[in-house]
Protein chains: 2
Amino acid sequence: MSLWQSIADTLRAEIARGMWRPGTRLPPEAELAARFGVNRHTLRHATKVLADEGLLYSRRGAGVFVSAAPVEYKLGEKAQFHRNIELAGRVPNRRIDSVVTRSCDTAEAQGLQIAAGAPVHVAEGVASVDHRPVAIFRAVFPADMLPDLPKVLSGEGSITRALAQSGVPEYKRATTRLKATIADEAQAARLQIDPGGPLLRTEAVNIAKGRPVERSIVWWASERVTMVLDNQDS
Amino acid sequence: MSLWQSIADTLRAEIARGMWRPGTRLPPEAELAARFGVNRHTLRHATKVLADEGLLYSRRGAGVFVSAAPVEYKLGEKAQFHRNIELAGRVPNRRIDSVVTRSCDTAEAQGLQIAAGAPVHVAEGVASVDHRPVAIFRAVFPADMLPDLPKVLSGEGSITRALAQSGVPEYKRATTRLKATIADEAQAARLQIDPGGPLLRTEAVNIAKGRPVERSIVWWASERVTMVLDNQDS
DNA sequence: CCGCATTTGTGCGTATGTATT
DNA sequence: AAATACATACGCACAAATGCG
């Protein structure tokens, strides 16, 4: 095995076991090169590979840093934001910017299996992990099933808890549709990414007792999250 | 702009406009370095970037080649892809442009659960629906499990049949990871979309008898496909 | 605000190993 | 067997960005 490969493996293992915490700076290239007894180019070859993998990033004049690993968001029946993020050992948060009640459009009607034009509650906001924004969401609920949801939502950061308080203690994700899109300026600003960057758009329907209770559209900053579907679990 | 960047841009543009046909060999590094008036290392930096993008691949002792070969031979459709598209009432097709045997990188090693640097077969090509390209794929197989896969591939023209002949009659998808990316010029050209457009990148591992047999990365033209996950079916 | 040391980014020269042709 | 060509690695030098006193 080549030198740069073994160095990359060593550093990868050290990062994996927490020897270098996310956000911290690695020792200077010269120092690391001396530690491994190689030329600086050889060390740079190793760190370049790790940077390609997303484990490291470097800033000229500043140093090489351990990057925060992208969140792995598990898809499946029990896909819930808070639960997923907490299982990954991160700090989830949801900020609801607006809650309005209006009549639904045809796409929303089809997803929720209600009559076109029926009243719905629409909540919009930003979801974050470790206090960094990762997604913009728009959640649509049938108003007749959840008459007092707006009141509960404004006091809650969790949709699951809000639904529980509105008489829906449990729900499952029925379907998820995924697409890639490009961030416009407004989306980029809210997610604190560059305009034109890649977004992963998920469109999901949650059901309780066989009836749709929520249709959500979420735009994820693809740099900060990876969707994972594991067929062995479920 | 740095030298290697402008060189990479030049080569990328030349490949995009067909000056170097897919499958052809580029001039030797020394010659290209002389053409651009730079050191061989500088040129290698540029070609390395293009190799990372998937435009080029190098074979030690042989040369640097343009990744996607033209229609040399048409191989059969992968069962999953084929069935999915047919169920949607469309006409599926898969074109394998190249099959190369090389040593794997660390990411591939992790996915296939083999030693880093172990030999793998790599098949690249384009998947189409209704005779329009929808995805670029790269499939990686462990060479020790499937020693004669390249021969079988060229003889049979079917990945599933080739796997069956190699003692893998059945396999299933274990995990799928999804991300959104931006199409670079080469990808856009192959998919006949605009550069900068959204791509849905799936990274999947197929297993047979508990052992990984294939790791595929597929870049889908997001304009032409939507991924759907239905938890009620399975 | 300036200057300076630090640190990464880029580039050249050279040498050796190893696979392919 | 020999020539060709890529892979790896070392040493040196300078540019560019950062951060601190």
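In what follows, every chain begins at residue 1, and chains take the letters A, B, ... in the order their sequences are listed.
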Picking from C:dT10, D:dA5, D:dC10, the nucleotide nearest the side-chain atoms of B:Pro28 would be D:dA5
Between A:Pro27 and A:Leu32 the two heavy atoms that sit nearest each other are O-CD1, 3.7 Å
Between NE2 of A:His45 and C1' of C:dG9 the distance, given in whole Å, is 16 Å
Taken to the nearest whole Å, CD/B:Glu31 to P/D:dA5 is 8 Å
Rounded to whole Å, CZ of B:Arg25 lies from P of D:dT4 at a distance of 12 Å
| said: Is there a side-chain contact between B:Arg40 and the phosphate of C:dT14, meaning an N or O under 4.0 Å from OP1 or OP2? | reply: no
Give B:Arg102 one of three labels, base, sugar-phosphate or nothing, depending on what nucleic acid heavy atoms sit under 4.0 Å from its own. nothing
Comparing nearest nucleotides in DNA chain C, the 5'-proximal residue of the pair A:Ala62, B:Trp4 is A:Ala62
Against the side chain of B:His41, the closest entry in D:dC10, C:dG9, C:dG11 is D:dC10
Taken to the nearest whole Å, OH/A:Tyr57 to P/D:dT18 is 13 Å
Has A:Ser2 got a side-chain N or O lying under 4.0 Å from the OP1 or OP2 atom of D:dA7? no
* Base, sugar-phosphate, or nothing for A:Arg44, non-hydrogen atoms under 4.0 angstrom? -> base
From NZ of A:Lys48 across to P of D:dT8 the rounded distance in Å is 13 Å
Of the listed C:dG9, D:dA7, C:dG13, the closest approach to the A:Glu29 side chain comes from C:dG9
Testing D:dT18, D:dA7, D:dC10 for proximity to the side chain of A:Arg59, the answer is D:dT18
pair_partner(D:dA1), Watson-Crick or wobble, both distances < 3.5 Å, evaluates to none
Considering only heavy side-chain atoms of B:Asn39, the closest of C:dC12, C:dT10, D:dA5 is C:dC12
| request: State whether the side chain of A:Ser222 and the backbone N or O of A:Leu200 hold a donor-acceptor pair below 3.5 Å, judged by distance alone. | output: no
Assert: residue with more 5' nearest nucleotide on DNA chain D, out of A:Phe65 and B:Val64, is B:Val64
Quick note, B:Thr42 side chain, CB onward, closest among C:dG11, C:dG9, D:dA9 is C:dG11
Minimal heavy-atom distance between A:Lys78 and A:Arg83, with the atoms involved, is O-NH1, 3.0 Å
In terms of heavy-atom contacts, A:Glu29 and A:Leu43 come closest through O-CD2, 3.4 Å
note: B:Arg60, atom CZ; C:dA19, atom P; distance rounded to Å ~ 6 Å
Q.
Determine whether the aromatic ring centres of residues A:Phe137 and A:Trp219 are separated by less than 6.0 angstrom.
A. no
